[in-house]
Amino acid sequence: MNWQSDSNGIETTFAPVLEQWYELHKRDLPWRHTLDPYAIWLSEIILQQTRVAQGKPYYERFVTTYPTVADMARADERELLRLWQGLGYYSRARNLHQTARYVTEKLSGKFPDTYHELLKMKGIGNYTAAAIASFAFGERVPVVDGNVYRVLSRVFGIDEDITTTTAKKTFATLAMRLIQTANDPATYNQAIMEFGAIHCTPVAPDCLLCPIQQQCVAYLTGRQHRLPVKSKKAPVRERYFNYLVFRNEGRLALRERTARDIWQNLYDFYLLETDEPKTALRDIPLSDPVAQVVDQSVPAALPVESMQLLSHQRIRARFYLIDVPDELINSLPIDLQWYLPVEISNLPKPVLITNYLDQQFG
DNA sequence: AACACGGGGAC
DNA sequence: GTCCCAGTGTT
């Protein structure tokens, strides 16, 4: 079937029907009670690639801690990252801070109020610009997120691979046409995402109670479980992290991660990554300052093993707790610094590190 | 165009 | 185990 022909009239009824469905079924979420572009922006950044249930408590904490964009602009980046800890994709937090400062200092605290101006901000792409522009300012521009790909691919029977550029263009064009018939662009955008999130779900969509069942190409052809089409991702990379946890007088040596890698600007311990799993400290090749220190130090505990699963990596970590004699505490690599437990608790850390600290010392 | 970037929840 | 989430930035 060629969806462009609109042979069953769905193109003109789609938006109003979804808006009607939304008014009946929408969830009560905190960011739906505000028109403040700052709060809406904050919620949209948090919700990027993040489920509502996971993001909601973070949103509450952020709006409480930083009620205005000026409050966030004033914040220490480390404190902001600490609040973000556990949410993942930490570049979102760094971009959040950068944009808060830009809006406060260069735009006199006034958020950009059009799709095209919003798009210029760090961390705001097509989706988020459309979301803020429509929710806060009523601009008639369609959001296209994972929910929208799923709903549109099913209703209109589009089987293009949604990871390709041409497919993205197809969906964007269709979405732009559909929003023209909406009674209210903000309501419609909320509606199509909410519909995808709680009704037209990835597995087990509720087709039997669907308001557009008889207009849905996927349902009518039994293809709802095969749409959207999405080509497979690369297999997860296996990584082996050997952490040397240096301790002295109750303090631990940590360093900020600065490399172009995961967990940028978060803190962890001295790390030796190996291509294969190593089960003993003596099997790990150590370079000089550290090798000296390890030789003259005392293993303080059995190694702790831990695994962290990311979308794209599986990290198998071993932590070697090592007591360092006083005379060697200044011999360690310069990027390592000694922190008291109370200081460590205030540093932003990957979940892998937090879990280890709980296990070893908690 | 392809890839990197977290963590968790649902099945 | 698999999928994928109110995506964006870089190469």
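All heavy atoms count here, side chains included; hydrogens, waters and symmetry mates do not.
- C/dT8 and B/dG9 have their C1' atoms separated by 23 Å, given to the nearest Å.
- Rounded to whole Å, the distance from CD on A/Gln224 to C1' on C/dC3 is 17 Å.
- Checked for salt-bridge contact, A/Arg32 and A/Glu194 meet the test: a charged N lies under 4.0 Å from a carboxylate O.
- Across all strands shown, A/Thr50 has heavy atoms under 4.0 Å from base atoms, whether or not it also approaches the sugar-phosphate.
- Checking the phosphate oxygens (OP1, OP2) of C/dA6, no side-chain nitrogen or oxygen of A/Gln190 falls inside 4.0 Å.
- Residue A/Arg237 contributes atom CZ, which lies 9 Å from atom C1' of B/dA4 at whole-angstrom precision.
- Protein atom CG of A/Asp268 is 15 Å distant from nucleotide atom C1' of B/dG6, rounded to whole Å.
- Remark: the A/Ser311 side chain and the B/dG6 base include a donor-acceptor N/O pair separated by less than 3.5 Å.
- Of the listed nucleotides (B/dG7, C/dA6, B/dC5), B/dC5 has the atom at the smallest distance from the side chain of A/His312.
- Both A/Pro228 and A/Gly146 sit near DNA chain C, but only A/Pro228 has its closest nucleotide nearer the 5' end.
- For the pair A/Leu309 CG and B/dG8 P, the interatomic distance rounds to 11 Å; values are reported in whole Å.
- Neither OP1 nor OP2 of B/dA4 sits under 4.0 Å from any side-chain N or O of A/Tyr89.
- A donor-acceptor pair under 3.5 Å is formed between the side chain of A/Arg140 and the backbone N or O of A/Ala182.
- Closest to the A/Ile262 side chain, of the nucleotides C/dA6, B/dG6, C/dT10, is B/dG6.
- Ranked by how close their nearest DNA chain C nucleotide is to the 5' end, A/Leu119 and A/Leu29 are led by A/Leu29.
- Looking at heavy-atom distances under 4.0 Å, A/Ile124 makes contact with sugar-phosphate atoms alone, never a base.
- Look at A/Trp263 and you'll find a side-chain N or O under 4.0 angstrom from OP1 or OP2 of B/dG7.
- Checked against C/dA6, C/dG9, C/dC4, the side chain of A/Asp145 finds its nearest nucleotide in C/dA6.
- A donor and an acceptor atom never sit less than 3.5 Å apart when one is taken from the side chain of A/Tyr127 and the other from the base of C/dG7.
- Checking C/dT8, C/dA6, B/dG7 against the side-chain heavy atoms of A/Glu44 singles out C/dA6 as nearest.
- Taking atom CE of A/Met307 as the reference point, atom P of B/dG7 lies 13 Å away to the nearest angstrom.
- Computed from coordinates, the A/Leu310 CG to C/dC4 C1' distance equals 15 Å when rounded to whole Å.
- Counting non-hydrogen atoms under 4.0 angstrom, A/Asn126 reaches the backbone sugars and phosphates but no base.
- Side-chain proximity of A/Lys122 to C/dC4, C/dG9, C/dA6: nearest is C/dG9.
- Side-chain proximity of A/Arg260 to C/dC4, C/dG7, C/dT11: nearest is C/dT11.
- Between B/dG6 and C/dT11, the distance separating the two P atoms is 15 Å to the nearest Å.
- A/Asp283 and A/Lys278 are not joined by a salt bridge, as no carboxylate oxygen comes within less than 4.0 angstrom of a charged side-chain nitrogen.
- How far CD1 of A/Ile329 is from OG of A/Ser297: 11.5 Å, rounded to the nearest 0.5 Å.
- In this structure, A/Arg92 reaches the bases: a heavy-atom distance under 4.0 Å links it to at least one base atom across the strands shown.
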Q) What do the steps show when you test A/Arg239 against A/Asp261 for salt bridge (Lys or Arg N to Asp or Glu O under 4.0 Å), and what is the final call? A) CA-CA 12 Å; A/Arg239 301 179 74 174; A/Asp261 197 354; 2.9 Å; yes

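- Among the heavy atoms of the strands, none lies under 4.0 Å from A/Val143.
- Whole-Å rounding puts the A/Leu81 CG to B/dC5 C1' distance at 14 Å.
- Nucleic acid contact class of A/Thr163 (heavy atoms, under 4.0 Å, all strands): none.
- Within 4.0 Å of A/Gly88, counting heavy atoms only, lies at least one base atom of the nucleic acid.
- Formation of a donor-acceptor pair under 3.5 Å by the A/Asp323 side chain with backbone atoms of A/Val298 is not found in this model.
- Relative to the six-membered ring of A/Tyr89, A/Arg92 misses at least one condition, a distance below 6.0 Å or an angle of at most 45° to the axis.
- Contact check on A/Arg257 versus A/Asp268 returns a salt bridge, with a Lys/Arg side-chain nitrogen under 4.0 Å from an Asp/Glu carboxylate oxygen.
- Rounded to the nearest Å, the gap between the P atom of B/dA10 and that of C/dA6 is 12 Å.
- Across all strands shown, A/Trp84 has no heavy atoms under 4.0 Å from either base or sugar-phosphate atoms.
- Within the structure, a side-chain polar atom (N or O) of A/Arg150 is placed less than 4.0 Å from OP1 or OP2 of C/dC5.
- A/Leu87 places its CG atom 9 Å from the P atom of B/dG8, with the value rounded to the nearest Å.
- OP1 or OP2 of C/dG7 has at least one side-chain nitrogen or oxygen of A/Gln49 nearer than 4.0 Å.
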